Q: 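Pasting a structure here, questions to come.
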Amino acid sequence: MSETPDSAVRTYIQNHRAAFLDDLAEWLRIPSVSAQPDHAGDVRRSAEWLAAQLKETGFPTAEVLETAGAPAVFAEWPSDDPQAPTVLVYGHHDVQPAAREDGWHTDPFEPVVQGNRLHARGAADDKGQVFFHTLGVRAHLAATGRTAPAVHLKLLVEGEEESGSPHFRQLIEAHKERIAADAVIVSDTGMWSEDTPTVCTGMRGLAECEIELHGPDQDIHSGSFGGAVPNPATEVARLVAALHDEHARVAIPGFYEGIVELTDAERALFAELPFDEERWLRTAKSHGAHGEAGYTTLERIWARPTAEVNGIGGGYQGAGSKTIIPSSALVKLSFRLVAGQDPDRLEEAVRAWVADTVPAGIRHTVTFSPGTRPCLTPLDHPALKSVARAMGRAFEQPILFTREGGSGPAADLQDVLAAPVLFLGISVPSDGWHAPNEKVEIDLLLKGVETTAYLWGDLAQTWRDAHAH
């Protein structure tokens, strides 16, 4: 009896497992820390290593793309079928700083296998998750007898994600035609747990600002002038108090306009996840849950917009007393945004709210940092169903769905390319992203390989079916 495609994929992966892990370890030894200037050469060496490896994998095009900062890598492997969809895989090859004295049990840039775990900086975030695509596409070809992928496959692997992707938007705008795609796969994410494989369907956006209030031109005596002139520290407190209503909803006018509300189906899927709120609170080092009325904790952190006070200050804060009215005070705010919200519109709303709230006699300045847009893939999107099916085949169990509360460059890809963004990651919370002793579960890494081996054929078939009707 001939092998089924699934068994052929698994056999191929098992036969190439050792070489795959050896190659990954070689890449992990390059300390591509984008945040530290003395590692700039290592970041470049990492990009050049990956480009060469992608060439060896079979990509006809694999090259280093220059930016105003650290280099990225672009690769492309056209399908034999000119009508096949184009898929862009996104990841990053830079890593967080790491040193033995941070609490690592071993050298962070000397990979160590302990049981089923591969420990090294970047093992999960994000070199391991980028690299599983190399063996995945080879397994796809071997199991199907193809000489080229079932989709037009492209990779874009940036070198500055751990430094906030400062040049990423410019990069993708400059190369928009080359990286154009019908769908984007982001492999810089994770799953709920080892026992509960999940697909992320969206990430929140982010906007940050600093609001400064100015009263008298200098600190003045509270006995001589108190009660007769406006106090900027008091007004900052009033501003913060006005940020939310009694139901913990953001009270800035227009804040919720246009947002994509959670559907009953998605709320039901969130409820299926084995969420332990007490355990979550211990992880959060918090003594109680709190948030917008009418929503669960998972819904609040994944699918609802927020306004948070990140810092507040003004006036005298030393030992003892100093009876003054301070000349200035400030508050730092951040806003997590959901689908339907736009950082530019939010900025307009915040500026108008501050202007309307601050009393006469108080001058104010509002300074915003560049924002990040939210992204969301609808649950019924055909490409998302392909990802869930491929992952379900690899894990041999149903796939649940999550979102992520944080932000990343995925929204820029969605915005510039006008393509759906799908998340395919196999990392689990215990992998310790950004922490000492980062690791990846080798079995899960190989499940990522297997998922991509199934995914390209599924996406191509889904595309053909959609365009046949």
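Start at 1 with the first residue, then count along the sequence. No experiment lies behind these values; they were computed from the predicted model shown.
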Q: Is the backbone of Thr323 close enough, under 3.5 Å, to the side chain of Ser222 for a donor and an acceptor to pair up by distance?
A: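 Yes; judged by distance alone, with no hydrogens or angles, the pair exists.
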Q: Taking ring pair (Phe, Tyr, Trp, His ring centres under 6.0 Å) as the definition, give me every residue that meets it alongside Phe270, ordered by chain and number, with sequence neighbours left out.
A: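 If we apply the ring pair (Phe, Tyr, Trp, His ring centres under 6.0 Å) test to Phe270, skipping adjacent residues, the hits are Trp302.
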Q: Would you name the heavy atoms of Val186 and Val421 that are closest together and state the gap between them?
A: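 Shortest heavy-atom separation between Val186 and Val421 comes out as CG2-CG1, 3.6 Å.
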Q: Looking at Pro216 and Pro232, what are the two nearest heavy atoms and their distance?
A: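 It is CD-CD, 4.2 Å.
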Q: Listed by chain and number, what are the ring pair (Phe, Tyr, Trp, His ring centres under 6.0 Å) partners of Tyr454, not counting sequence neighbours?
A: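 For Tyr454, no residue satisfies ring pair (Phe, Tyr, Trp, His ring centres under 6.0 Å) once neighbours in sequence are set aside.
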Q: Without swapping roles, check the side chain of Thr201 against the backbone of Thr402 for a donor-acceptor pair under 3.5 Å.
A: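 Confirmed, Thr201 side chain pairs with Thr402 backbone.
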Q: In terms of side-chain geometry, is the basic nitrogen of Arg267 or Glu299 positioned less than 4.0 Å from the acidic oxygen of its partner?
A: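 Here Arg267 pairs with Glu299 in a salt bridge, since their nearest N and O are under 4.0 Å apart.
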Q: Which pairs of donor and acceptor atoms, one on a side chain in residues 32-39, lie under 3.5 Å apart (sequence neighbours left out)?
A:
unit_1	atom_1	unit_2	atom_2	d
Ser32	OG	His93	O	2.8
Ser32	OG	Lys127	NZ	3.0
Ser34	OG	Asp94	OD2	2.6
Ser34	OG	Ser163	OG	2.8
His39	ND1	Pro31	O	3.3
His39	ND1	Asp42	OD2	2.7

Q: Going by the side chain to side chain donor-acceptor pair (under 3.5 Å) test, which pairs reach into residues 271-285, not counting sequence neighbours?
A: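 Side chain to side chain donor-acceptor pair (under 3.5 Å) check on residues 271-285 returns Glu277-Thr297.
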Q: For salt bridge (Lys or Arg N to Asp or Glu O under 4.0 Å), just list the numbers for Lys385 and Asp458, CA-CA rounded to whole Å, side-chain angles, deciding distance to a tenth of an Å, and then say yes or no.
A: CA-CA 9 Å; Lys385 292 183 177 181; Asp458 194 306; over 6 Å; no
Q: Output every pair passing side chain to side chain donor-acceptor pair (under 3.5 Å) with a member in residues 247-257, not counting sequence neighbours, ordered by first then second residue.
A: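 Output for this query lists Arg249-Glu292.
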Q: Glu347: what forms a salt bridge (Lys or Arg N to Asp or Glu O under 4.0 Å) with it, not counting sequence neighbours?
A: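 Arg351.
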Q: Kindly give the heavy-atom pair with the smallest separation between Trp27 and Ser46, and that separation in Å.
A: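 Taking every non-hydrogen atom into account, NE1-OG, 2.9 Å.
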Q: Which distance, rounded to the nearest 0.5 Å, do you find between the OG1 of Thr86 and the NZ of Lys154?
A: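 The distance works out to 5.5 Å.
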Q: Under the side-chain hydrogen bond (donor to acceptor under 3.5 Å, both in side chains) rule, what do His167 and Glu160 come out as? Steps first, then yes or no, please.
A: CA-CA 8 Å; His167 302 104; Glu160 296 185 308; 2.9 Å; yes
Q: Quick one: salt bridge (Lys or Arg N to Asp or Glu O under 4.0 Å) partners of Asp182, sequence neighbours excluded?
A: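 Listed in chain order: nothing, the list is empty.
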Q: For the residue pair Ser187 and His133, what are the closest heavy atoms and their distance?
A: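 Of all heavy-atom pairs spanning Ser187 and His133, the closest is OG-NE2, 2.8 Å.
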Q: Check the side chains of Gln461 and Asp465 for a donor-acceptor pair under 3.5 angstrom, ignoring hydrogens and angles.
A: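 Side-chain D/A pair, Asp465 to Gln461: present.
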Q: Checking Ile172 against Leu417 for the side chain to side chain contact (heavy atoms under 4.5 Å, CB included) test, could you report, in this order, the C-alpha distance in whole Å, the side-chain angles of both residues, the deciding distance, and whether it holds?
A: CA-CA 9 Å; Ile172 60 176; Leu417 302 183; 5.7 Å; no
Q: Let me know which of Leu50, Val43, Leu65 forms a side chain to side chain contact (heavy atoms under 4.5 Å, CB included) with Pro71.
A: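 When side chain to side chain contact (heavy atoms under 4.5 Å, CB included) is applied between Pro71 and each of Leu50, Val43, Leu65, only Val43 qualifies.
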Q: Do Leu330 and Leu213 have side chains that approach each other closer than 4.5 Å (heavy atoms only, starting at C-beta)?
A: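 No, their side chains stay 4.5 Å or more apart.
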Q: Are the side chain of Gln129 and the backbone of Ile426 linked by a donor-acceptor contact shorter than 3.5 Å?
A: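 Yes; judged by distance alone, with no hydrogens or angles, the pair exists.
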Q: Applying side chain to side chain contact (heavy atoms under 4.5 Å, CB included), run through Val137 and Thr452 and close with a yes or a no.
A: CA-CA 7 Å; Val137 70; Thr452 60; over 6 Å; no
Q: Say whether Glu158 and Ser165, considering side chains only, have a donor N or O and an acceptor N or O under 3.5 Å apart.
A: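 Result is yes, a qualifying pair exists.
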Q: Flag the pair Leu54 / Leu155 as yes when at least one side-chain heavy-atom distance between them is below 4.5 Å, and no otherwise.
A: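 Yes, close enough: below the 4.5 Å cut-off.
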Q: Considering the options Arg121, Glu438, Glu161, Glu162, which one meets the side chain to side chain donor-acceptor pair (under 3.5 Å) requirement together with Gln96?
A: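 Only match with Gln96 under side chain to side chain donor-acceptor pair (under 3.5 Å): Glu162.
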Q: Can you label the angle between the Phe275 ring and the Trp192 ring as parallel, tilted or perpendicular, going by 30° and 60°?
A: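 If you compare the ring of Phe275 with that of Trp192, the planes turn out perpendicular.
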Q: Specify the closest pair of heavy atoms between Cys209 and Phe335, including all atoms of both residues, with the distance to one decimal.
A: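 Residues Cys209 and Phe335, closest heavy atoms: SG-CE1, 4.1 Å.
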Q: Could you list the donor-acceptor pairs under 3.5 angstrom formed by side chains in residues 258-265, with sequence neighbours left out?
A:
unit_1	atom_1	unit_2	atom_2	d
Glu261	OE1	Arg304	NH1	3.0
Thr263	OG1	Glu266	N	3.0

Q: Salt bridge (Lys or Arg N to Asp or Glu O under 4.0 Å), that's the test. Do Arg238 and Glu235 meet it? Break it down for me.
A: CA-CA 5 Å; Arg238 292 186 196 279; Glu235 297 309 325; 3.4 Å; yes
Q: Side chains of Thr462 and Arg389: do they bring a donor and an acceptor to under 3.5 Å?
A: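 Their side chains do contain a donor-acceptor pair, which is all the 3.5 Å distance test asks for.
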Q: For a salt bridge (Lys or Arg N to Asp or Glu O under 4.0 Å) check, start with the C-alpha distance between Lys332 and Glu208, then their side-chain angles and the critical distance, and finish with the verdict.
A: CA-CA 8 Å; Lys332 294 177 181 285; Glu208 301 171 275; over 6 Å; no
Q: Hey, is the main chain of Val354 close enough, under 3.5 Å, to the side chain of Thr357 for a donor-acceptor pair?
A: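 No, because the side chain of Thr357 does not come within donor-acceptor range (under 3.5 Å) of the backbone of Val354.
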Q: Between Ala181 and Ala419, what is the shortest heavy-atom contact and its length?
A: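 The answer is O-CB, 3.5 Å.
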Q: Within the distance-only criterion (no hydrogens, no angle test), does the side chain of Asp412 pair as donor or acceptor with the backbone N or O of Arg169 below 3.5 angstrom?
A: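 A pair under 3.5 Å: no.
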Q: Could you tell me which residues satisfy ring pair (Phe, Tyr, Trp, His ring centres under 6.0 Å) with Tyr90, sequence neighbours excluded, listed by chain and number?
A: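 Counting only residues at least two positions away or on another chain, Tyr90 forms a ring pair (Phe, Tyr, Trp, His ring centres under 6.0 Å) with Phe168.
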Q: Say whether, by atom type as modelled, one donor and one acceptor occur between the side chain of Lys447 and the main chain of Ala394 under 3.5 angstrom.
A: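 Side chain of Lys447 to backbone of Ala394: a pair is present.
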Q: Does any N or O in the side chain of Asp125 come within less than 3.5 Å of the main-chain N or O of Val95, such that one atom is a donor and the other an acceptor?
A: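 Side chain of Asp125 to backbone of Val95: no pair is present.
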Q: List the residues meeting ring pair (Phe, Tyr, Trp, His ring centres under 6.0 Å) with Trp104, not counting sequence neighbours, and say none if there are none.
A: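 Once residues adjacent in sequence are excluded, Trp104 has no partner under the ring pair (Phe, Tyr, Trp, His ring centres under 6.0 Å) criterion.
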Q: Tell me which pairs pass ring pair (Phe, Tyr, Trp, His ring centres under 6.0 Å) where either residue lies in residues 396-423, with sequence neighbours left out.
A: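 Passing the test, one end in residues 396-423: no pairs.
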Q: Checking the side chain of Thr372 only, and the main-chain atoms of Leu206 only, is there a donor and an acceptor separated by less than 3.5 Å?
A: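 Judged by distance alone, no pair lies under 3.5 Å.
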Q: So does Pro374 get a backbone contact from the side chain of Arg204, meaning a donor-acceptor N/O pair under 3.5 Å?
A: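 Looks like no, no N/O pair under 3.5 Å.
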Q: Yes or no on side chain to side chain contact (heavy atoms under 4.5 Å, CB included) for Leu243 and Leu333, after CA distance, side-chain angles and deciding distance?
A: CA-CA 10 Å; Leu243 191 56; Leu333 303 178; 4.0 Å; yes
Q: Is Asp126 reaching over with its side chain to a backbone N or O of His92, donor-acceptor style, under 3.5 angstrom?
A: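 Yes: the side chain of Asp126 pairs with the backbone of His92.
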Q: Is the count of non-hydrogen atoms from other residues, nucleotides or ligands lying under 6.0 Å from Arg363 atom CZ greater than 12?
A: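 Above 12, so yes.
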Q: Would you say the side chains of Gln170 and Thr67 form a donor-acceptor pair under 3.5 Å?
A: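 No, no side-chain donor-acceptor pair sits under 3.5 Å.
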Q: What residues, two or more places apart in sequence or in another chain, satisfy salt bridge (Lys or Arg N to Asp or Glu O under 4.0 Å) together with Arg345?
A: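 None.
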